[in-house]
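Have a look at the structure below, then the notes.
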Amino acid sequence: MKKILITGAAGFLGSHLCDRFINESFHVIGMDNLITGDLKNIEHLFKLENFEFYHHDVTKFVHVSGELDYILHFASPASPIDYLKIPIQTLKVGSLGTHNLLGLAKEKKARILIASTSEVYGDPLVHPQTEEYYGNVNTIGPRGVYDEAKRFQESITMAYHTYHGIETRIARIFNTYGPRMRLNDGRVVPAFIGQSLRGEDVTVFGDGSQTRSFCYVDDLIEGIYRLLLSDYVYPVNLGNPHEITIKDFAEEIIKLTGTDQKIVYKSLPVNDPLQRQPNISKAKELLNWEPTIDRSEGMRRTLAYFQNLSKEELYKSEHRDFSK
Ligand code: UDP
């Protein structure tokens, strides 16, 4: 049985990855410090023999006993609200955390895939974004703590590949949505759905002309799986190229939820990218991968998840202790 370590295991993407690798008959070690993750995302796995959970912060030395075949590094805050609340932890998990995991990969001769992001392109001046584009990032803006940590992460990963010969993979993940997103992390999908379900106004930032391209989580997980098992070491964009303005997206969600919420306009966050759409030619060619779940189907499944939350959860605002 192959053994895989998944960091950020209690988070949105990490928990779906745990499910996928369990289904592929791997022995899965999930690791999380639970700052932004939630154990309820993986509690169904605790009874399984081929699942273990380590409550650990990867910015500290990471120890795993015995053999290890693969590492997926998915631990990181991943929303603009989180970056503002926990900027230092965001920087540390992408830099020190990645360093520790690369060291572990070297020690165990394991293959490691790191979760990078479309944020490495910043507010892009090239559209759609190809992997060759170097990006347009404000190092000292509010998103800089995430963007630069992820850029550093890519650099150190390539350096470990070049100098130590370890097997590395880099996924540049574009906006992804689906069940288990945190309702109140500020990201647009749970924000709009939560507002509609609570009967509140839907808050569009700026004039809503900025664009995003949303990928359903199952498609993304398939892309990660294929990339891990491929032999390609350079960054690969993974996302859904179907682009939409945020205003149109708000209208789509209002229609989907069958509510008649009003749209209200708020100021645009600093350095909020104006356009984002992945060019996924590389993933198509190298991995024979492209998204198969369109937004209407993906949003229906996502809405069903949020509709199942209790009233208490739906109205609870987030009081996480970010001080640790
Ligand atoms: N956004 C919005 N209203 C909200 C939350 C987000 O209009 O209540 C906008 C945000 O300004 C951005 C887009 O939706 O332009 C996507 O935001 P998100 O935080 O989900 O992801 P990112 O900006 O990192 O792509």
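Start at 1 and go down the list; that is how both ligands and their atoms are numbered. Given the structure is predicted, the values throughout are model-derived calculations rather than measurements.
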* Heavy atom under 4.0 Å from ligand 1: found in A250's side chain, backbone, both, or neither? -> neither
* To do: Go through the side-chain N and O atoms of Q277 and S213 and say whether any donor and acceptor fall under 3.5 Å apart.
  => no
* Going by an N to O cut-off under 4.0 Å, is there a salt bridge joining E132 and K282? -> yes
* To do: Please verify whether a non-hydrogen atom of F192 lies at under 4.0 Å from ligand 1.
  => yes
* Aromatic plane relationship, Y225 with F21 - under 30° parallel, 30 to 60° tilted, over 60° perpendicular -> tilted
* Would you mind running through ligand 1 and noting each atom that sits below 4.0 Å from a heavy atom of P80? => 19 (O)
* Test salt bridge (Lys or Arg N to Asp or Glu O under 4.0 Å) applied to E119 and R143, R172, R151, the passing residue -> R143
* Sub-3.5 Å N/O-N/O distance, F205 and ligand 1 -> yes
* Atom indices of ligand 1, in the order listed, that fall short of 4.0 Å to a heavy atom of E119 -> 24 (O)
* If you count the atoms of ligand 1 from 1 in the order shown, which ones are under 4.0 Å from a heavy atom of D272? -> 10 (C), 11 (O), 12 (C), 15 (O)
* **Heteroatom distance test (N175, ligand 1): nitrogen or oxygen, under 3.5 angstrom** => yes
* At what distance is the nearest protein heavy atom to atom 3 (N) of ligand 1, and which residue and atom is it? -> T203 O, 2.6 Å
* To do: Could you tell me which atoms of ligand 1, counted from 1 in the order shown, lie closer than 4.0 angstrom to a heavy atom of V204?
  => 7 (O)
* Among protein heavy atoms, which lies nearest atom 24 (O) of ligand 1, and at what distance? -> R143 NH1, 3.4 Å
* To do: Report the part of Q275 (side chain from C-beta onward, or backbone N, CA, C, O) that has a heavy atom under 4.0 Å from ligand 1; answer both or neither where that applies.
  => neither
* Determine the sole option in V137, T130, N237 for which the side chain to side chain contact (heavy atoms under 4.5 Å, CB included) test with Y121 is passed. => N237
* **Where ligand 1 meets Q210 - atom numbers and elements under 4.0 angstrom, heavy-atom basis** => 9 (C), 11 (O), 15 (O)
* Distance from atom 20 (O) of ligand 1 to nearest protein heavy atom, with residue and atom -> V188 N, 2.8 Å
* Which is it for K266 and ligand 1 at heavy atoms under 4.0 Å: side chain, backbone, both or neither? -> neither
* To do: Report the C-alpha distance between F214 and F249 in whole Å, list the side-chain angles of each, state the deciding distance to 0.1 Å, and finish with yes or no for ring pair (Phe, Tyr, Trp, His ring centres under 6.0 Å).
  => CA-CA 10 Å; F214 297 103; F249 185 55; 4.5 Å; yes
* Asked: Is any NZ, NE, NH1 or NH2 atom of the basic residue among R180 and D38 found under 4.0 Å from an Asp or Glu carboxylate oxygen of the other?
  -> no
* **Cationic N near anionic O, under 4.0 Å, R300 to E297** => yes
* Asked: Would you find more than 12 non-hydrogen atoms of other residues, nucleotides or ligands less than 6.0 Å from Y265 atom OH?
  -> yes
* Is a salt bridge present between K247 and E252, judged by a nitrogen-to-oxygen distance below 4.0 Å? -> no
* Show which atoms of ligand 1 fall inside a sub-4.0 Å distance from at least one heavy-atom site of R276. => 22 (P), 25 (O)
* Asked: Does NZ or CZ of R169 lie under 6.0 Å from the centre of the six-membered ring of Y232, at an angle within 45° of the ring axis?
  -> no
* Which of the atoms in ligand 1, numbered in the order shown and given with their element, are less than 4.0 Å from a heavy-atom of G186? -> 5 (C)
* More than 12 heavy atoms of other groups within 6.0 Å of E67 CD -> no
* Residue part near ligand 1, for I246, under 4.0 Å between non-hydrogen atoms -> side chain
* Asked: Based purely on interatomic distance, does A191 place a nitrogen or oxygen under 3.5 Å from a nitrogen or oxygen of ligand 1?
  -> no
* Contact atoms of ligand 1, heavy-atom distance to R187 under 4.0 Å -> 19 (O), 20 (O)
